[in-house]
Amino acid sequence: MTDPIADMLTRIRNAYAQGAAEARIPFSRLKAQIADILSQEGYLSGVEIKGRLPRRTLVVALRYINQRPTIEGIKRISRPGQRIYRNARQLRPTRYGFGITILSTAKGLMTERAARDARLGGEVLCEVW
């Protein structure tokens with residue numbers, strides 16, 4: 001697998017398409033941080049780490065409101081073949097403020113809103129709306 005973050009986003013997208021209650025994803029710290037941000041922003045119900053090394057899995061509880069998924073779209077922006085970086089002045093609200101962009105900054109992963117407030121730029125990982 002060349003892009004584990006894209007795999008994670010695809011597993012979440014597919015689980016929502018099936019109407020599943022949860023998605024199981026191979027564990028990594030970066031994926032766990034992305035899932036935590038999505039949970040804090042209200043897109044996921046919860047995140048749990050199950051199993052022991054080397055077979056840890058990240059169990060992501062999907063969230064629905066009135067039988068509709070909270071994530072309508074999720075898109076990988078920066079890829080291994082084409083990295084996308086933005087400075088703090090280039091960051092704009094996602095979908096007119098109805099979505100979030102997750103960035104990898106020098107201070108760790110954060111949303112574009114938090115990065116603008118901290119005046120930080122970084123690699124644009126994904127957009128969620």
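Residues take their numbers from the sequence shown, with the count starting at 1. For the numbers below, each heavy atom of this structure counts, side chains included, while hydrogens, waters and symmetry mates do not.
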Do L103 and M8 sit in one hydrophobic cluster, given that two such residues count as connected whenever their side-chain heavy atoms are within less than 4.5 Å of each other, even indirectly? no

Between I77 and Y85, is there shared hydrophobic-cluster membership here, with clusters defined by ILVMFWY side-chain heavy atoms closer than 4.5 Å? no

Minimal heavy-atom distance between E112 and R92, with the atoms involved, is OE1-O, 3.5 Å

Report yes if some heavy atom in the side chain of R24 is under 4.5 Å from a heavy atom in the side chain of L58; otherwise report no. no

Would you say the side chains of E123 and S78 form a donor-acceptor pair under 3.5 Å? yes

Keeping the roles fixed (side chain from T57, backbone from V59), state whether a donor-acceptor pair exists under 3.5 Å. no

Heavy-atom closest pair, residues P80 and T2: CG-O, 3.6 Å

Other residues, nucleotides and ligands only: do more than 12 of their heavy atoms fall within 6.0 Å of CZ on R119? no

Determine whether L30 and V60 fall in the same hydrophobic cluster, where Ile, Leu, Val, Met, Phe, Trp and Tyr are linked whenever their side-chain heavy atoms lie under 4.5 Å apart. yes

Counting only N and O atoms by type, is there a donor-acceptor contact under 3.5 Å from the side chain of T70 to the main-chain atoms of R63? yes

Distance col, row W129:CH2 vs Y96:OH, nearest 0.5 angstrom, shows 13.5 Å

Any donor-acceptor pair under 3.5 Å from R56 side chain to S28 backbone: no

Run the salt bridge (Lys or Arg N to Asp or Glu O under 4.0 Å) check on R113 and D117 step by step: do they pass? CA-CA 6 Å; R113 195 174 324 120; D117 291 343; over 6 Å; no

Closest heavy-atom pair, A32 versus F27, reported as atoms and distance to 0.1 Å, is CB-CE1, 3.8 Å

Group every Ile, Leu, Val, Met, Phe, Trp and Tyr by side-chain heavy-atom contacts under 4.5 Å, then state whether I5 and I49 land in the same group. yes

Go through it in stages, so that I can follow the logic: the residues are T94 and V128, the test is side chain to side chain contact (heavy atoms under 4.5 Å, CB included), and I'd like the CA-CA distance, side-chain angles, deciding distance and then a yes or no. CA-CA 8 Å; T94 307; V128 181; over 6 Å; no

For T111 and I100, work out which heavy atoms get closest and say how close. CG2-CD1, 4.4 Å

CD (Q40) and CE (M110) are apart, to the nearest 0.5 Å, by 11.5 Å

Under the side chain to side chain contact (heavy atoms under 4.5 Å, CB included) criterion, do L62 and I71 qualify, and how do the steps go? CA-CA 9 Å; L62 305 178; I71 295 178; over 6 Å; no

Heavy-atom closest contact (P69 atom, Y16 atom, distance): CB-CD2, 3.2 Å

Measure the CD-CG distance between E127 and L9 for me, rounded to the nearest 0.5 Å. 11.5 Å

Mind checking whether L38 and Y64 sit in one hydrophobic cluster, side chains of I, L, V, M, F, W, Y counted as touching below 4.5 Å? yes

I'd like to know if the side chain of T10 and the backbone of A6 have a donor-acceptor N/O pair within less than 3.5 Å. yes

Could you measure the distance from the OG1 atom of T101 to the CD1 atom of I37? Nearest 0.5 Å is fine. 11.5 Å

Straight-line distance of T105 OG1 to R86 CZ, nearest 0.5 Å: 15.5 Å

Does the side chain to side chain contact (heavy atoms under 4.5 Å, CB included) test come out yes or no for L44 and D36, once each step is laid out? CA-CA 9 Å; L44 300 175; D36 284 338; over 6 Å; no

Is it the case that the side chain of N66 and the backbone of R68 share a donor-acceptor pair, with hydrogens and angles ignored and the cut-off at 3.5 Å? no

Got a second to check how far I34's CD1 is from L125's CG, nearest 0.5 Å? 5.5 Å

Shortest non-hydrogen contact from A115 to L91? CB-CD1, 3.8 Å

Apply the salt bridge (charged side-chain N to carboxylate O under 4.0 Å, His left out) test between D3 and each candidate in R79, R76, K31; give the one that qualifies. R76

